[in-house]
2 protein chains.
Amino acid sequence: MEDMYEDGYTPPILTVDTVIFQIIDDEFYVLLIKRAADPFKGAYALPGGYNAIGETTREAMERTLLTKTGVNCADLRLVEQLYTFDTVARDPRGHAVSVTYMGLGRDIVPAESDKTQNPGFFNVRELPELAYDHKHIIEYAHDRIKSKITYTNAIFSLLPELFTLTQLQKAYETVFGRELDKRNFRKKFLSLNLIHETSELHRDGAHRPAKLYRFNKQELEALARSFD
Amino acid sequence: MEDMYEDGYTPPILTVDTVIFQIIDDEFYVLLIKRAADPFKGAYALPGGYNAIGETTREAMERTLLTKTGVNCADLRLVEQLYTFDTVARDPRGHAVSVTYMGLGRDIVPAESDKTQNPGFFNVRELPELAYDHKHIIEYAHDRIKSKITYTNAIFSLLPELFTLTQLQKAYETVFGRELDKRNFRKKFLSLNLIHETSELHRDGAHRPAKLYRFNKQELEALARSFD
DNA sequence: CCTTATTAGTGTTATGTTGACACTAAGTAT
DNA sequence: ATACTTAGTGTCAACATAACACTAATAAGG
């Protein structure tokens, strides 16, 4: 039992857990599953699972996300490792180590099927009871993205390719959970030179149409100045 | 071989690696060992090792640090997890996952003995050839602490309990690797209310003695405003 | 076509922060 | 007493932040 490796080394259990966020109707949502088995059977939890030998934690994350929620990691716009938690006793057999990831995207639709475990997006302001320390992990991820959008262009990952300045501001407000001043926001954000105006307009009802903008890059880049 | 766990799950190899920094003579140093065995026999590397079953990564870090360098984690002033690297092929038997930690302290002395592996502090500006991707991990850790001292009081961990403003400024300059303006530094840092003056003076040669200061807290706290 | 409703879009001012810059103060050594 | 060395201090200009209200452009409905 102990000599799987030649020198008698036995590693602990390794798992991954993933926090997928997206904005829906100007609210911030996180992807959860309902646990089908003990421990915490019937409770909600982050999608995750065991990290098998021979796969990277990133690969294990992509695999478990697809299996448990039907979400393809390639449809996410930004994925990054968050933190590694020792405190998650995922497995009744003993101590487990969980590497966590955060993923951001738009129009992500979990697939309901036999193999999936009732995946769905939940408003982060009204979370159900969560298994393990997953509430803590979600808060950690939320803090990370709040911080990240102040010194990078990470907000692109939550927006469509073409967007109005109002949509951009709303995305910030949704992540921050507070309102921002319209004129100050526009002045500051435009000075960062992360986006450029297009010739297209967004028509959306009985009012003046808004110019549509596009990010210069759809990859993460750090800002010269921080944003807030 | 595959059924150590009842359901056939076999975890990958789990290791920890630790980046210990301290300031010596106004230069920034990192703790390295000389590898006694292949792979990379004879090359320098971060202290680290296998994470056994039943211990947390933090416990594995403390254990391997003590074993390989004689440094007791309790003598460090600040320890935090950095990142988990999949890319460290520590083990020729295959893919390994390495959880890394950063530790900061002062007057840390590695112990030379049979069990230790030639531990010593190396100036981060003149590093020897390093095993694995440990150079990358050290740079990652260095970036982290550079950033951390701009929005927390983390610098306390590199200073003695009583210190002068000049020593404080030198500590920042050492971590940043660049010089700061004396008047602006003092004005800004004192406005953060992290430290208070004591009645003691530091006499150090044929010149005006300097007031000694003390941190209000010897624990990590975030700043209201960022510092730079 | 005119009115209304609705969101888009814009500038100024006061306050605070940053960054550049040079001299006096207090001690020791000779 | 003089020289030397590090400690300690203030101003000003440039820039960033935060508070704040009106006009512009369109669609819908009468």
Side-chain angles (χ1 to χ4, degrees), chain A residues 23 25-26 146-147 149-152 159-160 162-174 176-214 222-228, chain B residues 23 25-26 146-147 149-152 159-160 162-174 176-214 222-228:
Chain A
I23 292 174
D25 293 338
D26 297 334
K146 276 186 201 173
S147 164
I149 59 175
T150 68
Y151 64 90
T152 71
L159 287 166
L162 292 176
F163 54 90
T164 69
L165 293 181
T166 299
Q167 288 170 340
L168 176 65
Q169 183 179 340
K170 286 262 187 202
Y172 269 96
E173 290 174 338
T174 300
F176 283 149
R178 66 184 169 91
E179 298 193 342
L180 300 173
D181 178 90
K182 184 157 86 162
R183 279 171 291 186
N184 291 339
F185 176 84
R186 290 171 181 229
K187 193 186 343 163
K188 180 71 189 291
F189 199 91
L190 289 173
S191 78
L192 301 174
N193 293 318
L194 293 173
I195 60 175
H196 58 271
E197 183 177 321
T198 68
S199 57
E200 296 179 71
L201 295 176
H202 179 68
R203 291 170 194 279
D204 179 31
H207 55 82
R208 178 173 177 172
K211 289 180 193 164
L212 284 163
Y213 288 77
R214 192 192 299 270
L223 305 187
R225 291 197 190 89
S226 72
F227 172 75
D228 186 19
Chain B
I23 292 174
D25 291 339
D26 297 333
K146 275 185 200 173
S147 164
I149 59 174
T150 67
Y151 64 90
T152 71
L159 286 167
L162 292 177
F163 54 89
T164 68
L165 293 181
T166 299
Q167 289 170 340
L168 177 65
Q169 183 179 342
K170 286 262 187 200
Y172 268 96
E173 290 174 339
T174 300
F176 284 148
R178 66 182 170 92
E179 298 194 342
L180 300 173
D181 179 90
K182 183 157 86 163
R183 278 172 292 187
N184 292 339
F185 176 83
R186 289 172 180 227
K187 191 189 342 165
K188 181 70 189 293
F189 198 91
L190 289 172
S191 77
L192 300 174
N193 292 317
L194 292 173
I195 60 175
H196 57 271
E197 183 177 320
T198 69
S199 57
E200 296 179 70
L201 295 177
H202 179 68
R203 292 170 194 277
D204 179 31
H207 56 82
R208 178 172 176 173
K211 289 179 194 165
L212 283 164
Y213 288 77
R214 191 193 299 270
L223 305 187
R225 291 195 190 93
S226 72
F227 172 74
D228 186 18

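Note on naming: letters A, B, ... go to the chains in the order of the sequence lines (proteins, then strands), and numbering restarts at 1 for each one.
- The distance from the CZ atom of B/Arg214 to the CG atom of B/Leu159 is 13.0 Å, given to the nearest 0.5 Å.
- Among the heavy atoms of the strands lying under 4.0 Å from A/Lys211 are primed sugar atoms or P, OP1, OP2 only; no base atom is included.
- For A/His207, whose side chain is taken as the heavy atoms from C-beta onward, the closest listed nucleotide among D/dG10, D/dA19, D/dT26 is D/dT26.
- The backbone N or O of B/Leu180 sits less than 3.5 Å from a side-chain atom of B/Gln169, completing a donor-acceptor pair.
- Note on A/Lys187: every side-chain N or O is 4.0 Å or more away from OP1 and OP2 of C/dT10.
- Here C/dC21 is the nucleotide among D/dA27, D/dC20, C/dC21 with the atom lying nearest to any side-chain atom of B/Asp181.
- Using cut-offs of 30° and 60° for the angle between ring planes, the A/Tyr172 and A/Phe176 rings count as tilted.
- The A/Pro209 side chain lies nearest to D/dT26 when the options are D/dT26, C/dT28, C/dT10.
- Set against D/dA7, C/dT18, C/dG11, the side chain of B/Ala210 has D/dA7 as its closest nucleotide.
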What pairs of donor and acceptor atoms, side-chain ones from residues 198-209 of chain A against any protein atom, are under 3.5 angstrom apart with sequence neighbours left out?
unit_1   : atom_1 : unit_2   : atom_2 : d
A/Thr198 : OG1    : A/Glu200 : N      : 3.2
A/Thr198 : OG1    : A/Leu212 : O      : 2.8
A/His207 : NE2    : A/Asp204 : O      : 2.9

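- Heavy-atom minimum distance, A/Leu165 versus A/Phe185: O-CE2, 4.1 Å.
- With sequence neighbours excluded, the residues forming a salt bridge (Lys or Arg N to Asp or Glu O under 4.0 Å) with B/Glu197 are B/Lys211, listed by chain and number.
- Remark: the A/Lys182 side chain and the C/dT7 base include no donor-acceptor N/O pair separated by less than 3.5 Å.
- Interface residues of residues 193-201 of chain B facing DNA chain D, ordered by number: none; criterion, heavy-atom separation under 4.0 Å.
- Comparing A/Ala206 and A/Leu165 along DNA chain C, the residue whose closest nucleotide (by nearest heavy atom) sits nearer the 5' end is A/Ala206.
- For A/Thr166 and C/dT7, the shortest distance from a side-chain N or O to OP1 or OP2 is not below 4.0 Å.
- Residue B/Arg186 has a polar side-chain atom (N or O) positioned under 4.0 Å from OP1 or OP2 of D/dG8.
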